Amino acid sequence: MQTMMSTVSEWLLPLIVGSILLFGFIKRVPIYNTFVDGAKGGFATSIKLIPHLIAMVVAVAVFDASGAMNILVKWLEPCLTWLHIPPEVAPMALLRPISGQGSLAFMINIFEQPDKGPDSWLGMLASTMQASSDTTLYILTVYFGSVGIRRFRYAMGVGLLSDFVSVLASVFAVSLLSGMIHF
């Protein structure tokens, strides 16, 4: 089964690209010119994203370097304890809606601790949180900003609520799968 999946995955991308080229040829689309026009559009979009990316990276770096993250985690510790969220993963959960790279750095920090690691309960929880949540504020800032949407309406509230629920669901799922919760 694994050999078959490996073979399929090796041939899937060339088949998709070949199918697109064949479809374009049949429809008499100027394939090369269309590709170059698309690449020009992608470059212009990248240039528009750079100011938003720089602002986000600077904000995250200042927040972490100032020690505000540690103060916030200490302040939230009673609530985190009540929700069964370990304080070690709280910085990652708080940073994940803002920056995927920042939260990834906190996750790697958990993995590198000698008494923890990726196979520990805390490492599995951090991995699950990283995979199940999204960079909501990053998406709103960069993608909405690149197309000129300034009023987010309900997108921010719903995105942050889904991130919070993903943190709680991660704690529940990892606790259940590791045998800490029994039904």
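Note that the structure is predicted; figures quoted are calculated from it, not measured. Throughout, residue positions are numbered sequentially from 1 according to the sequence presented.
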Pairwise distance [atom1]([X]) to [atom2]([Y]) - rounded to 0.5 angstrom:
{"X": "Leu95", "Y": "Leu137", "atom1": "CG", "atom2": "CG", "answer": "10.0 Å"}
{"X": "Ile71", "Y": "Leu76", "atom1": "CD1", "atom2": "CG", "answer": "12.0 Å"}
{"X": "Met156", "Y": "Thr141", "atom1": "CE", "atom2": "OG1", "answer": "7.5 Å"}
{"X": "Leu104", "Y": "Asn109", "atom1": "CG", "atom2": "CG", "answer": "11.5 Å"}
{"X": "Phe144", "Y": "Ile139", "atom1": "CZ", "atom2": "CD1", "answer": "8.5 Å"}
{"X": "Leu83", "Y": "Phe164", "atom1": "CG", "atom2": "CZ", "answer": "5.0 Å"}

Where do [X] and [Y] come nearest, in terms of heavy atoms and distance?
{"X": "Thr135", "Y": "Ser99", "value": "CG2-C, 3.9 Å"}
{"X": "Ser103", "Y": "Gln130", "value": "OG-OE1, 3.1 Å"}
{"X": "Val167", "Y": "Ala93", "value": "CG2-CB, 3.8 Å"}
{"X": "Leu72", "Y": "Phe63", "value": "CD2-CZ, 4.1 Å"}
{"X": "Ala155", "Y": "Leu140", "value": "CB-CD2, 3.8 Å"}

[X] and [Y]: same hydrophobic cluster, using ILVMFWY side-chain contacts below 4.5 Å?
{"X": "Met180", "Y": "Val171", "value": "yes"}
{"X": "Ile50", "Y": "Val58", "value": "yes"}
{"X": "Leu160", "Y": "Ile149", "value": "yes"}
{"X": "Phe106", "Y": "Trp75", "value": "yes"}
{"X": "Ile47", "Y": "Ile54", "value": "yes"}

- Item | From Thr128, Leu80, Leu125, Val73, residue fulfilling side-chain contact (heavy atoms from CB on, under 4.5 Å) relative to Val89 |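 Passing option: Leu125.
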- Item | Positive for side-chain contact (heavy atoms from CB on, under 4.5 Å) with Met107, one of Glu112, Arg96, Met129, Met92 |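 Result for side-chain contact (heavy atoms from CB on, under 4.5 Å) with Met107: Met92.
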- Message: Between Val174 and Trp121, does the side-chain contact (heavy atoms from CB on, under 4.5 Å) criterion hold? Intermediate values first, please.
- Response: CA-CA 7 Å; Val174 172; Trp121 183 83; 3.4 Å; yes
Is any side-chain heavy atom of [X] closer than 4.5 Å to a side-chain heavy atom of [Y]?
{"X": "Pro86", "Y": "Leu122", "result": "yes"}
{"X": "Leu21", "Y": "Phe25", "result": "no"}
{"X": "Phe111", "Y": "Ser120", "result": "no"}

- Among side-chain atoms of Ser133 and Asp163, is any donor-acceptor pair under 3.5 angstrom?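 There is no such pair (donor and acceptor under 3.5 Å, judged by atom type) between the side chains of Ser133 and Asp163.
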- Item | From CA spacing to verdict: side-chain contact (heavy atoms from CB on, under 4.5 Å), Val158, Thr136 | CA-CA 9 Å; Val158 170; Thr136 302; over 6 Å; no
- Would you please name every residue forming a ring-ring contact (aromatic ring centres under 6.0 Å, His included) with Phe172, sequence neighbours left out?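 Expected list: none.
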- Task: Check which hydrophobic residues are tied to Leu12 through side-chain heavy-atom contacts below 4.5 Å, counting indirect links as well, and list them.
- Result: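 Ile16, Ile20, all in the cluster of Leu12.
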